[in-house]
Amino acid sequence: MSVRPPGPSGSGGVKAGGTAGAEPLVLSKARGFMILGGTAMTDEAHDEEEVLEAPERGSADELLDAGAVDELGPMRHSAAHVMAEAVMDLFPGAKLGIGPAIADGFYYDFELPRPLTPDDLAAIEERMASSIAADHPIVRREFPPAEGRAFFAERDQPFKVEILDDLAAKAAASGEPMPPTSTFGHGPFVDLCKGPHVQSTGRIGPYKLLSVAGAYWRGDEKRPMLQRIYGTVWATQDQLDRYLWRRAEAKKRDHRRLGVQLDLYSFHDVSPGSAFWHPKGQRIWRTLESAMRELQDRHGYQEVATPILVNHRLWEQSGHWDHYRDNMFILDIEGQAYSLKPMNCPESTFIYRARTRSYRDLPLRLSEYGRLHRNERSGVLHGLTRVRQFIQDDAHIYVRPDQLAEEIGALLSMVKESYGWFGLEPRYTFATRPDGAIGDDALWERAEALIRSALDDSGVSYTVKPKDGTFYAPKIDIYIDDALGREWQMATIQADLTMLPERFDLTYVDEHGQPQRPIAIHRAIYGSLERFIGILIEHFAGALPLWVAPVQAVLIPIADRHIPAATELAGILGGRGLRVEVDESDNRMQNKIRLAQEQKVPYMLVLGDREVEARTAAPRARGAARGEQQEAIGWEVLADRLAAEAASRQL
RNA sequence: GCCGCCUUAGCUCAGUGGUAGAGCAGCGGUUUCGUAAACCGCAGGUCCAGGGUUCGAAUCCCUGAGGCGGCUCCA
């Protein structure tokens with residue numbers, strides 16, 4: 001069964017995913033699933049049982065960022081105004097916050113006498129329709145500043161007045177004259193607004209209101225909580241339908257849903273924000289961990305392990321007690337405050353200081369897969385991507401200042417290599433000193449300059465996030481988008497001249513016998529293993545590449561008499577390090593295939609009388625089209641091909 | 001943490017004040033099958049927890065927990 005995107009067929013301008021990664025086994029190309037393209041798929045409507053098919057190499061970006069957005073901005077902004085008009089109409093006395101266009105739509109914030117319900121959204125949508133049908137011209141009007149303020153004050157719009165007062169204050173501070181108050185209005189509605197807008201409300205295309213959410217006024221949790229209505233609007237009904245369809249598809253590849261469906265992990269309220277890893281999920285984990293260990297071994301890392309439960313004195317020394325205590329789980333043990341470690345870094349210094357370090361010892365690369373606990377506020381927990389306990393592929397690298405740039409270069413290449421194993425495209429940011437950081441200005445300036453030049457030397461493009469560094473170090477952060485377009489931080493590379501080196505008084509002896517300060521690089525490449533696996537599952541819609549798949553092949557005996565041969569083949573494949581299962585159930589072959597397909601197993605190997613006779617098996621790739629059949633292949637050749645495909649980490 | 005919504009069988013969900021339901025999964029039996037669902041039967045429930053209203057609560061109210069959508073936060 002397939003799912004069908006709405007709209008006319010063949011008109012989608014977006015590239016489809018590639019084919020299933022099945023070159024060694026499958027002669028004809030498996031059919032890629034066009035998750036965005038307009039290729040109409042078959043079948044009647046299925047409700048609960050829709051199978052999510054993966055665009056094999058489709059990225060989250062393709063899934064959500066399809067379709068040009070920029071030219072839709074004015075229309076979306078106008079739609080926000082029309083929605084505000086409708087809300088003012090239905091809720092007299094509503095106070096308006098702000099209402100911008102955003103990617104794929106718009107929102108508007110309101111202060112209302114009561115919470116909105118889904119029925120309200122329907123009523124607002126309906127009221128919007130009449131304003132759009134009336135095709136009111138959208139007109140800009142300027143007022144002298146005082147008049148503008150009075151206009152919104154008279155209409156009892158305190159948030160608008162606050163915005164104007166802030167503009168006035170800013171103008172006064174800079175000595176510039178206060179600009180005139182710009183408004184846009186249509187029909188009876190007037191809003192403080194710089195524009196631009198479409199010419200009239202009739203130009204607003206098909207729209208839909210999506211959700212209501214709370215949002216602090218001006219993003220400040222000390223200010224009132226407003227009600228934010230999110231909506232989407234497009235130039236054509238077809239575009240709107242497609243957007244809604246894409247949204248539904250993205251939801252289907254949510255790792256929280258797929259984790260249950262694929263039996264990888266679960267969450268239980270006895271430990272909110274912490275995953276229970278099932279056998280198959282743990283296999284994914286081990287695969288990723290051993291791949292990273294291998295990469296680290298090649299790059300001269302040494303693995304260490306440090307305690308999880310630590311006396312708070314350590315955190316006082318590191319600065320966490322002052323800067324991070326709210327996020328730490330603290331326990332009283334015989335009258336002493338202990339904490340579950342939220343980071344590995346301070347403890348690595350004990351290993352550094354275990355003996356006198358020579359300049360010849362550096363770089364000293366200590367890696368650690370330690371379990372970390374962070375007390376995240378309940379409202380922010382989110383599947384595997386925001387948890388309270390997790391494991392990082394962490395490392396602390398102690399270098400001489402002259403070695404920093406080269407080491408960062410090596411790290412960037414490790415990121416590139418390992419993300420390439422999954423076809424992920426990282427985005428880089430450079431985060432600078434935040435307010436309230438520890439350490440003196442000179443060290444920060446030096447650290448930031450060193451990172452910046454390492455970044456420039458490496459040739460990667462990056463954006464700067466001012467004041468987004470940690471309290472002890474500027475950093476390079478690497479981001480990925482998930483299936484729903486949310487951005488997640490993955491890898492991080494931090495150049496620490498202050499916390500570990502200064503607060504723990506780390507030294508090495510230079511070639512003149514003098515003590516010197518090393519620099520500590522904190523880095524994690526996957527970042528949190530939990531988060532990385534969650535993102536991977538969404539990226540591949542659960543259809544993990546052969547080398548990561550928890551079950552790489554299911555052997556399907558057609559009848560019970562074929563089970564012994566299937567078991568024998570499973571032994572051969574297992575002997576080659578492949579993870580395989582034999583389906584010994586008394587299901588019919590078709591059902592065995594269906595179940596393996598639903599579990600997104602990369603290969604199904606069918607054995608019937610012909611195959612058992614010839615000691616072959618008929619391979620079927622997960623991406624194969626319905627009805628597609630492959631020629632049987634001899635067991636040894638099959639084992640060679642599968643093992644080679646897994647070893648090469650082919651996508 | 002804040003605002004709103006949600007929580008019924010292992011999973012997906014129906015049930016809006018009057019005897020707790022379906023499909024899938026599970027178990028038993030029959031079937032041994034050629035590329036995405038064989039057939040018959042059985043069993044399965046603290047209707048999230050606690051309190052209240054009512055003759056009677058899965059259903060209405062209150063409190064709490066967890067989840068979802070956002071906001072804030074995210075070393």
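The model shown is predicted, which means the values in this text are computed figures rather than measured ones. To find a chain, count down the sequence lines: A is the first, B the second, and so on, and within it residues start at 1.
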Can a donor-acceptor pair be found, under 3.5 Å and without considering hydrogens, that links the side chain of A:Lys341 to the backbone of A:Thr306? yes
Candidate nucleotides B:C71, B:U72, B:G34, ranked by approach to the side chain of A:Val606 - the nearest: B:G34
OP1 or OP2 of B:C71 versus the side-chain N and O atoms of A:Tyr230: is any pair under 4.0 Å? yes
Residue A:Val380, side-chain heavy atoms: nucleotide from B:U35, B:C73, B:G67 that is nearest: B:C73
Spacing between A:Leu595 atom CG and B:A36 atom P, to the nearest angstrom: 13 Å
Check every strand shown and say whether A:Gln392 touches a base, only sugar-phosphate, or nothing at a heavy-atom separation below 4.0 Å. nothing
Can A:Arg228 be said to sit on top of A:Tyr107's aromatic six-ring, NZ or CZ under 6.0 Å from centre and within 45° of the ring axis? yes
If you only use heavy atoms from C-beta on, which nucleotide in B:G67, B:A36, B:C2 is closest to the side chain of A:Tyr216? B:C2
Say we look at B:U72 and B:C13: how far apart would their C1' atoms be, to the nearest angstrom? 34 Å
In whole Å, measure the gap between the P atoms of B:U31 and B:A36 for me. 25 Å
Separation of A:Met225 atom CE from B:C3 atom P, in whole Å? 7 Å
Distance between P atoms of B:C47 and B:C11 (Å, rounded): 16 Å
Which is true for A:His382 with a 4.0 Å heavy-atom rule: it touches a base, it touches only sugar-phosphate, or it touches nothing? sugar-phosphate
From B:U32, B:A36, B:U72, pick the nucleotide closest to the side chain of A:Asp560? B:U32
Pair of N/O donor and acceptor under 3.5 Å linking B:C73 base with A:Arg386 side chain: yes
Which nucleotide in the set B:U35, B:C71, B:C11 lies at the smallest distance from any side-chain heavy atom of A:Val260? B:C11
Which base sits across from B:A43 as a Watson-Crick or G-U pair, both distances under 3.5 Å? none
Ignoring hydrogens and angles, are the base of B:G70 and the side chain of A:Gln227 linked by a donor-acceptor pair under 3.5 Å? no
Say we look at B:G23 and B:U8: how far apart would their C1' atoms be, to the nearest angstrom? 15 Å
A:Arg257 side-chain N/O to B:C68 phosphate OP1/OP2 under 4.0 Å: no
Among A:Arg246, A:Lys252, A:Arg247, which residue satisfies the salt bridge (charged side-chain N to carboxylate O under 4.0 Å, His left out) criterion with A:Glu249? A:Lys252
Position toward the 5' end of RNA chain B (nearest nucleotide), A:Ser211 or A:Gly219: A:Ser211
Compare all side-chain heavy atoms of A:Ile519 with those of A:Ile397 and state whether any distance is below 4.5 angstrom. no
Within the 4.0 Å heavy-atom criterion, would you say A:Gln629 contacts the bases, only the backbone, or no part of the nucleic acid? base
Indicate, with a heavy-atom threshold strictly under 4.0 Å, whether A:Phe267 touches base, sugar-phosphate, or nothing. nothing
Rounded to whole angstrom units, what separation is found between the CZ atom of A:Arg256 and the P atom of B:C11? 16 Å
d(CG, A:Leu112; C1', B:G4) in whole Å: 12 Å
Which is true for A:Arg561 with a 4.0 Å heavy-atom rule: it touches a base, it touches only sugar-phosphate, or it touches nothing? sugar-phosphate
Assign A:Ala473 to base, sugar-phosphate, or nothing according to its heavy-atom contacts below 4.0 angstrom with the strands shown. nothing
So A:Lys465 and A:Asp477, do their side chains get closer than 4.5 Å, heavy atoms only? no
Distance criterion of 3.5 Å, no angle test: do you see the side chain of A:Arg588 paired donor-to-acceptor with the base of B:U31? no
Please find the pair of heavy atoms, one from A:Val310 and one from A:Trp315, that lie closest to each other, and give the distance. O-NE1, 3.7 Å
Specify the residue among A:Ala559 and A:Arg218 whose closest nucleotide of RNA chain B lies further upstream toward the 5′ end. A:Ala559
Salt bridge (charged side-chain N to carboxylate O under 4.0 Å, His left out) test vs A:Asp254 passes for just one of A:Arg256, A:Arg257, A:Lys251, namely A:Arg256
Measure the distance from CG on A:Asn587 to P on B:C39 and round it to the nearest whole Å. 11 Å
Quick one: A:Ile593 CD1 to B:U35 C1', roughly how many Å, whole number? 3 Å
What nucleic acid atoms does A:Asn327 come within less than 4.0 Å of, heavy atoms only: base, sugar-phosphate, or nothing? nothing
A:Ala213 has its side chain closest, among B:G67, B:G69, B:G4, to B:G69
Taking the six-membered ring for Trp, is the centroid-to-centroid distance between A:Phe532 and A:Tyr526 below 6.0 Å? yes
What is the separation between atom CD on A:Gln489 and atom P on B:C74, rounded to the nearest whole Å? 11 Å
Quick check: closest heavy atoms across A:Leu605 and A:Ala553, and the distance to 0.1 Å? CD1-CB, 4.2 Å
Which nucleotide in the list B:A36, B:C71, B:C33 gets nearest to the side chain of A:Arg228? B:C71
Looking only at B:U30, B:G66, B:G69, the nucleotide nearest the A:Asp254 side chain is B:G69
According to the Watson-Crick and G-U wobble definitions, with both distances under 3.5 Å, which nucleotide is paired to B:C5? B:G67
Roughly how many Å apart are B:A38 and B:U32, using the P atom of each and rounding to a whole number? 14 Å
G-U wobble or Watson-Crick pairing nucleotide for B:U30 (cut-off 3.5 Å, both distances): B:A38
Nearest-Å distance for atom pair CD/C1', residues A:Glu628 and B:U35: 10 Å
Less than 3.5 Å between a donor and an acceptor, one on the side chain of A:Asp586 and one on the base of B:U32, is that the case here? no
Base, sugar-phosphate alone, or nothing: which one does A:Lys592 contact when heavy atoms must sit under 4.0 Å apart? nothing
Taking atom P in both B:C73 and B:A14, compute the distance separating them and give it to the nearest angstrom. 36 Å
Would you indicate what A:Gly608 reaches in the nucleic acid, counting non-hydrogen atoms under 4.0 angstrom: base, sugar-phosphate, or nothing? base
Return the nucleotide paired to B:U53: Watson-Crick means purine N1 to pyrimidine N3 with N6-O4 or O6-N4, wobble means G-U with N1-O2 and O6-N3, both under 3.5 Å. none
So if I apply the side-chain contact (heavy atoms from CB on, under 4.5 Å) rule between A:Asp496 and each of A:Lys475, A:Glu502, A:His522, A:His396, which one comes out positive? A:His522
For B:C48 and B:G28, measure between their P atoms and round to the nearest Å. 31 Å
Any strand, both distances under 3.5 Å, Watson-Crick or G-U wobble: B:C13 pairs with B:G21
Between B:A43 and B:G29, how far is it from one P atom to the other, in whole Å? 16 Å
Classify A:Gly627 by what it touches in the nucleic acid, base, sugar-phosphate, or nothing, heavy-atom distance under 4.0 Å. sugar-phosphate
Base, sugar-phosphate or nothing for A:Asn591? Non-hydrogen atoms, less than 4.0 Å. sugar-phosphate
